[in-house]
S.K.: 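Just passing along the structure, written as structure tokens.
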Amino acid sequence: MSLQSENPTPNGDFVAAPGPVTDSHPIADVELTAEVSGTKRKGDDDHYDPGSSSSPKRHESENRRITRSQTKDNKTREVGESLPKRTMTAAEKAAERIASLHDHKPAPSSQPPVWTDKRAALNDALPYFKSHQGSLYTTGLMPKGMFIDSQVAIRDHFSSQVIITTIGGGHDLDQKTGKMVRNRDQKDDMTNVKAMKQAKEANQPFVMIAGSLNTLWPVRPPHYFNVLDYFYITDLWSEVVKGDKGQLTKVYKIRVEKVDLNSSSWWSPKDTNTDIFKVGDCQCTSAVCPTCYVRSKEIFTRSWACLNNKCAHFFDFGQALDVDELEYNDAFINERNEFTGTPPQEPLLPPLPSNSGDDLGSESKYKQGIVCPKCFCCSRRISWDKWFCENPDCEFQYEVPIRMVPIDNVMKENRQVKESKSKNSEDWNDEAVLQSNSVVGGYSLVTYLMPDAEHSGSFLGSVTRIRPNDDAREKEGGLDNLYTQLQKEDMPLLRRPAKSSGCRIEELTSHFSANYGAPYKFGVVVKQTTGFSDAPVPIVETLLRLTWAGQTAVDATAKTIVAKEATATEGAIPTDFEPYNEQLVLGYFEKSKISAHDDGEKELGPSVATLSLGSPSVMKFMPKPTRDKDRNKQTYPPILSLVLKHGDMLVMHGQKIQKQYLHSVDPFGKHRFALTCRYIRPETIPDDEQRALAVVRGKLPEKLAAIQYNGESDHFEDKVTGMAVPSPTAPEKTSEDESSLSTETEAVESSSPDSSSTAISTPEAAELDVVVQSVFSYIKQIGALLEANKDVVGSMTPEQRQITAEICRKVDTEVSKVQGE
């Protein structure tokens, strides 16, 4: 471009001559963005084990300005000159790669204020960086945290007080290589560009975080993810680089500077003052473009150029040149500015959470991670009842107790779902799904037949929700009591790895889980399982209740098929029921959820039953995604949505449901348990030891194996005699209770009209007479109760059934005494 000298602009400035005019540039806030793609890259699932060197070489300042040739050299070093003699683990490969990048560099002068080797821990623990994949975290398009790692672009810079990087965006997935490549210009309407411009205009500081795969580290990084400090944007401009295919591409870059220049940077080389400058030490000149009248700094050593990408003479140096050979000048890099914005309000080291109010301790904020106050390692909330430091060399633990959730709170949450009047507040189903309703004892059932996409007009399985009435929930030993008792148990509920287990990009499930009975992998591996013989009593009671629910749902499905004259896909809906031998307990904090998945493991039987306790949730069923002829993924909306309230049981029956459908769960409260039972088929387990373990751990303890739950009469009963027994979690009778019962028995006996006519003179006979009279009295009570309800005996209220069962139990006890006499 040809520049005219002494040509006034509309605002009174003068345009630049071939040599730029020396003129101070107003301080501007620059945002830092990095070229970090959300796509998994080779090496992303590696452990980080920082290497060390006994004789580090000094890392010179000029090496921190990267050129394309240096980028190529670094890539060569990352691979290494020689191949190992054995197959290296992912952790070893990562350690070797990082060592090759940084072992020759000096040690840092100090340690980072916050660090971690797991990206998810960084996101969980830090309020200023919650981007699980991208490089920039914003709230309301205002940056709060920025991460720079392996995507180092030409001319990027990383020193003690200044960082220069390319704003993220403008990459596309290469279908052949599977890598993200730069094929297009960065535009003003890109989210990251808009956020950075907004931050610069507002002079907004944000936190910089650096990963150890960034080749420009001035020192050996002590950990994989390292929090640096607060920075702000001083300069934001557009320049031209070569794309991945050699084409010229416009990108946005930013220069960020530490907010507090007076504080030492822990990542500066130990015992040196390299790259430490003060305000006024250096000044970068600027000039006004004669074409667009926009001022640009002279940031390159070659000469001045207009950096306004909308100008006709943008990036025109007046001569042909290779953009790869451009370098930033020292005045631009070493210039320091006085920060005039609002000082950062959020500390780099966030405080530990505390509960001084009315919180239950299961609100979403308590599922966030913490930063260990001892070693400063970011740690996720992995355990249901506490945090523990994820640094293996630290033993710090922290607890905010989870309070007992009152039943009133639970019922209020359940009512709020109905009152919300949203689509999720009520059940709905596609017209292709057949529905039928029925009642069994104190439970209302709704059964849905799911259509078979592979056989038009046929159905491949059922979904049945079994909802208790208020009495079944509230009675002594009922579902409210089960939920209360479950909260008291010490269960090994943990968040398990959902993907990339053990790697630095490992992600955990949103929920907590523990397995009982036969081992089950549940898509994510639950490595430990507790046998039912050692399980808490509420777990076993749940198994008994869900066993009844499973059998009831199988029967209801068969009746629905007949009543609706529906056609079942051959072999898809068995009429036999296989009792469960496994139970997976899931614990949900507020906003925890489980995304769409299936329970289609080959080891499972055809029936899966779940009991929902606590906060309400919505369960949705949708067809699995398919691929069209061009291999493009096709997703489908839900065809069935069910509200699950406290005490509801849901049974999926038919293995083909898991083959064609996914289901998801979204809770709507602060505290929920989902207890799911399955039948693990031991014969499908190839490992002899695991197969034997499944059999042993899937067995109930002898005492509880002798009883079963009868939902029709809503009581637990002896399998042989059918006599009612207390629920496993019902409060035990105290001596006071027994005394009261004895007094009541004596009162009934003394009121018997036949007591005097059957009196016998001998003491033994007199004692026997009392027993016989008690039996007669109880029999009369049964007769009176049945007589009063002879017209509705088949539909007795739960209270009447409970009274009848209690009388029968007493009769059984007294008859046994008579037989003994």
Side-chain angles (χ1 to χ4, degrees), residues 1-33 141 143 153-155 157 162 164-167 169-170 184-204 232-241 248-257 282-321 323 326-333 335 337 340-341:
M1 98 186 248
S2 175
L3 299 177
Q4 300 289 326
S5 176
E6 301 296 325
N7 185 15
T9 66
N11 62 6
D13 287 325
F14 287 89
V15 298
V21 176
T22 300
D23 191 10
S24 61
H25 180 68
I27 295 174
D29 305 334
V30 182
E31 279 190 58
L32 173 60
T33 40
L141 264 187
I154 192 168
R155 290 186 288 278
H157 175 87
V162 170
I164 298 174
T165 189
T166 307
I167 294 179
R184 52 195 169 92
D185 293 340
Q186 289 185 330
K187 301 294 182 65
D188 290 353
D189 60 354
M190 288 182 171
T191 301
N192 283 1
V193 174
K194 289 194 292 186
M196 288 305 183
K197 286 186 174 183
Q198 185 165 299
K200 183 180 185 302
E201 183 178 347
N203 212 15
Q204 176 70 34
Y232 71 104
I233 300 174
T234 60
D235 299 272
L236 186 154
W237 69 97
S238 187
E239 63 180 58
V240 175
V241 299
L248 294 181
T249 307
K250 294 178 183 179
V251 298
Y252 274 100
K253 303 203 75 165
I254 55 171
R255 177 190 184 273
V256 294
E257 192 173 295
C282 300
Q283 188 175 30
C284 183
T285 59
S286 65
V288 174
C289 174
T291 302
C292 67
Y293 304 113
V294 173
R295 181 178 296 279
S296 297
K297 283 187 176 182
E298 185 180 5
I299 67 175
F300 297 105
T301 57
R302 174 65 66 104
S303 63
W304 179 91
C306 179
L307 302 180
N308 174 20
N309 60 12
K310 296 179 178 62
C311 179
H313 290 279
F314 165 68
F315 223 63
D316 184 353
F317 290 88
Q319 56 183 306
L321 53 80
V323 294
L326 290 173
E327 293 185 0
Y328 299 128
N329 67 49
D330 288 340
F332 176 59
I333 292 176
E335 181 181 58
N337 304 274
T340 59

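Below, all heavy atoms of this structure are taken into account, side chains as well, without hydrogens, waters or symmetry copies. The structure presented is a predicted model; accordingly, all values stated were derived computationally and were not measured.
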S.K.: Run E257 and Y232 through side chain to side chain contact (heavy atoms under 4.5 Å, CB included) and show every step you take.
M.R.: CA-CA 6 Å; E257 192 173 295; Y232 71 104; 3.8 Å; yes
S.K.: Please determine whether a side-chain nitrogen of the Lys or Arg among E335 and R255 lies less than 4.0 Å from a carboxylate oxygen of the Asp or Glu.
M.R.: no
S.K.: Side chains of T191 and L141, heavy atoms from C-beta outward: is any pair under 4.5 Å?
M.R.: yes
S.K.: Once rounded to the nearest 0.5 Å, what's the spacing between atom OG of S286 and atom CH2 of W304?
M.R.: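 Going from OG on S286 over to CH2 on W304, the span is 9.5 Å.
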S.K.: Is the shortest side-chain heavy-atom distance between F315 and L248 below 4.5 Å?
M.R.: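 Side-chain contact under 4.5 Å: no.
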S.K.: Let's go through L321 and F300 carefully: what are the C-alpha distance in whole Å and the side-chain angles of both, what is the deciding distance for side chain to side chain contact (heavy atoms under 4.5 Å, CB included) to 0.1 Å, and is it a yes or a no?
M.R.: CA-CA 13 Å; L321 53 80; F300 297 105; over 6 Å; no
S.K.: Which residues pass the side chain to side chain donor-acceptor pair (under 3.5 Å) test with T249, sequence neighbours left out?
M.R.: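 Listed in chain order: nothing, the list is empty.
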S.K.: Evaluate I164 against I333 for side chain to side chain contact (heavy atoms under 4.5 Å, CB included), listing each step before the verdict.
M.R.: CA-CA 9 Å; I164 298 174; I333 292 176; 4.3 Å; yes
S.K.: So, taking the atom named SG in C306 and the one named OH in Y293, what distance separates them when rounded to the nearest 0.5 Å?
M.R.: 12.0 Å
S.K.: Please list, chain by chain and in numerical order, all residues satisfying side chain to side chain donor-acceptor pair (under 3.5 Å) with N308, sequence neighbours excluded.
M.R.: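 Once residues adjacent in sequence are excluded, N308 has no partner under the side chain to side chain donor-acceptor pair (under 3.5 Å) criterion.
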S.K.: Search all heavy atoms of D316 against all heavy atoms of A305 and return the closest pair with its distance.
M.R.: O-CB, 3.8 Å
S.K.: Between E298 and T285, does any side-chain donor sit less than 3.5 Å from a side-chain acceptor?
M.R.: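 Note: E298 and T285 side chains meet the donor-acceptor criterion.
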S.K.: Between CD1 of I299 and CG of L326, what distance do you get to the nearest 0.5 Å?
M.R.: 9.0 Å
S.K.: Is a donor on one side and an acceptor on the other found under 3.5 Å between the side chain of E239 and the backbone of K253?
M.R.: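 No; judged by distance alone, with no hydrogens or angles, the pair does not exist.
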S.K.: Please name all residues satisfying salt bridge (charged side-chain N to carboxylate O under 4.0 Å, His left out) with R184, sequence neighbours left out, ordered by chain then number.
M.R.: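 Checked R184 against salt bridge (charged side-chain N to carboxylate O under 4.0 Å, His left out); matches are D172.
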S.K.: How long is the straight-line distance from OG1 of T165 back to CZ of R155, given to the nearest 0.5 Å?
M.R.: 12.5 Å
S.K.: Is any side-chain heavy atom of Y328 closer than 4.5 Å to one of K297?
M.R.: no
S.K.: Looking at every non-hydrogen atom in both residues, tell me the closest pair between K250 and V240 and how far apart they are.
M.R.: CG-CG2, 4.5 Å
S.K.: Looking only at side chains, do Y252 and N309 share a donor and an acceptor under 3.5 Å apart?
M.R.: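 Yes.
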S.K.: If we ignore hydrogens and angles and just use 3.5 Å, is the side chain of Q186 paired with the main-chain N or O of I167 as donor and acceptor?
M.R.: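 Yes, the answer is positive, given that a donor and an acceptor are paired below the 3.5 Å cut-off.
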S.K.: Measure across V162 and H157 and return the closest heavy-atom pair with its distance rounded to 0.1 Å.
M.R.: O-CD2, 3.5 Å
S.K.: With side chains defined as the heavy atoms from C-beta onward, is the minimum distance between V294 and K310 less than 4.5 Å?
M.R.: no
